[in-house]
Amino acid sequence: MQLSTKEDIEAPLDRVFSQASDFEHLERQVMRRGVDVRRVSGDPAQPAAGMGWLAGFRFRGKPREAEIALTEYDVPNRLCYRTVSGGIEAVTQIDFVALSRSRTRVGMEIALTPKTLSARVLLHSMKLAKGNVEKRFRVKMADYAKELEDRLKREG
């Protein structure tokens with residue numbers, strides 16, 4: 001299953017990429033949402049492919065774990081992550097494109113692949129509700145883009 005969306009942000013490319021790759025800030029944001037996240041490899045002062053995290057969270061009432069790895073770190077063009085959780089592998093690709101000196105387009109694509117029978121059933125049920133899943137995905141991405149844009153405006 002694939003999900004994709006694009007958002008335009010009123011800020012220069014380098015500043016948008018810098019915020020999107022501020023891993024310490026992202027970790028704090030995720031923890032505020034109730035996810036236990038712990039970096040297992042990599043130095044946040046020198047981000048690079050190979051950084052990794054373990055995350056613990058609740059999904060459908062059960063505790064779950066996810067292993068997340070930064071697989072590509074191409075400043076200021078692309079971030080790619082590989083996540084494995086409960087029989088599902090997700091590859092997330094985030095592309096950054098300068099539309100002008102003060103406007104950046106952020107495109108996100110997620111490819112979900114089942115690795116177990118139960119994961120295949122879960123993804124099949126998601127495909128049946130794909131319209132709702134895509135809508136929620138686009139709304140979350142739009143919210144994140146707005147938050148990032150507002151944060152950049154406050155910083156000047």
Side-chain angles (χ1 to χ4, degrees), residues 1-7 9 11-97 104-127 133-134 136-152 154-155:
M1 179 173 179
Q2 298 232 341
L3 301 168
S4 63
T5 189
K6 293 178 181 165
E7 288 293 328
I9 297 174
L13 173 66
D14 59 333
R15 293 189 64 212
V16 172
F17 186 87
S18 176
Q19 286 292 316
S21 61
D22 181 351
F23 298 112
E24 289 181 328
H25 181 265
L26 292 169
E27 289 168 10
R28 287 190 305 272
Q29 275 188 313
V30 169
M31 284 191 258
R32 277 188 225 118
R33 289 179 171 86
V35 176
D36 177 38
V37 66
R38 182 175 40 119
R39 187 177 309 114
V40 292
S41 62
D43 179 2
Q46 295 182 327
M51 289 181 74
W53 297 265
L54 282 178
F57 56 96
R58 294 187 74 75
F59 180 72
R60 294 189 175 185
K62 293 183 182 177
R64 311 284 180 166
E65 282 196 346
E67 295 177 21
I68 304 137
L70 181 64
T71 58
E72 188 175 344
Y73 184 77
D74 177 14
V75 179
N77 304 307
R78 178 179 288 164
L79 295 170
C80 290
Y81 299 91
R82 179 179 173 270
T83 305
V84 177
S85 179
I88 294 177
E89 179 179 340
V91 175
T92 305
Q93 181 173 305
I94 308 167
D95 291 307
F96 302 85
V97 178
T104 303
R105 176 162 292 158
V106 179
M108 179 183 280
E109 187 173 301
I110 301 175
L112 301 167
T113 308
K115 299 295 181 186
T116 64
L117 181 60
S118 59
R120 188 175 301 247
V121 170
L122 174 65
L123 286 183
H124 185 67
S125 66
M126 286 176 68
K127 283 181 185 177
V133 171
E134 285 179 330
R136 287 175 50 197
F137 176 66
R138 285 192 301 270
V139 166
K140 292 284 187 190
M141 180 64 177
D143 289 346
Y144 176 73
K146 177 75 172 121
E147 177 187 318
L148 195 144
E149 188 175 285
D150 291 346
R151 192 172 44 217
L152 288 169
R154 283 192 305 269
E155 291 177 2

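FYI, the numbering just counts along the sequence from 1. Keep in mind that what you see is a predicted model, and the values were worked out from it rather than measured.
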### Query
What pairs of residues pass the salt bridge (charged side-chain N to carboxylate O under 4.0 Å, His left out) test when at least one of them lies in residues 47-60, not counting sequence neighbours?
none
## Note on the structure
For residues 27-55, the salt bridge (charged side-chain N to carboxylate O under 4.0 Å, His left out) pairs (sequence neighbours left out) are E27-R39
Report the distance from atom [atom1] of [X] to atom [atom2] of [Y], rounding to the nearest 0.5 Å.
X   : Y    : atom1 : atom2 : result
T92 : E72  : OG1   : CD    : 12.5 Å
I9  : R15  : CD1   : CZ    : 11.5 Å
L54 : I68  : CG    : CD1   : 7.5 Å
D22 : F17  : CG    : CZ    : 11.5 Å
D74 : S21  : CG    : OG    : 11.5 Å
D95 : R105 : CG    : CZ    : 12.0 Å

Minimum heavy-atom distance between [X] and [Y], given as atom pair plus value:
X   : Y    : answer
A11 : L152 : CB-CD1, 3.5 Å
A49 : Y73  : N-CB, 3.8 Å
A20 : F96  : CB-CZ, 3.6 Å

### Query
Are the side chains of M108 and V106 in touch, meaning some heavy atoms are under 4.5 Å apart?
no
Let me have the donor-acceptor pairs involving side chains of residues 81-90, under 3.5 Å, with sequence neighbours excluded, atom names and distances please.
residue	atom	partner	partner atom	Å
R82	NE	E89	OE2	3.1
S85	OG	E65	O	2.8

### Message
Once ring-ring contact (aromatic ring centres under 6.0 Å, His included) is applied, what residue pairs with a partner in residues 24-68 remain, sequence neighbours excluded?
### Response
F23-W53
Show me the side-chain donor-acceptor pairs of residues 113-124 shorter than 3.5 Å, one per line, residues at least two apart or across chains.
residue	atom	partner	partner atom	Å
T116	OG1	S118	OG	3.4
T116	OG1	A119	N	3.2

### Message
Would the distance check show the side chain of T104 and the main-chain N or O of L13 forming a donor-acceptor pair, the cut-off being under 3.5 Å?
### Response
yes
### Task
Count the heavy atoms of every other residue, nucleotide or ligand shown that sit under 6.0 Å from CD of Q46, and state whether that count exceeds 12.
no
### Message
Does E67, at its CD atom, have more than 12 non-hydrogen atoms belonging to other residues, nucleotides or ligands within less than 6.0 Å?
### Response
no
### Query
Taking only residues at least two apart or on different chains, which pairs with a member in residues 136-147 satisfy side-chain hydrogen bond (donor to acceptor under 3.5 Å, both in side chains)?
Q29-E147, K146-D150
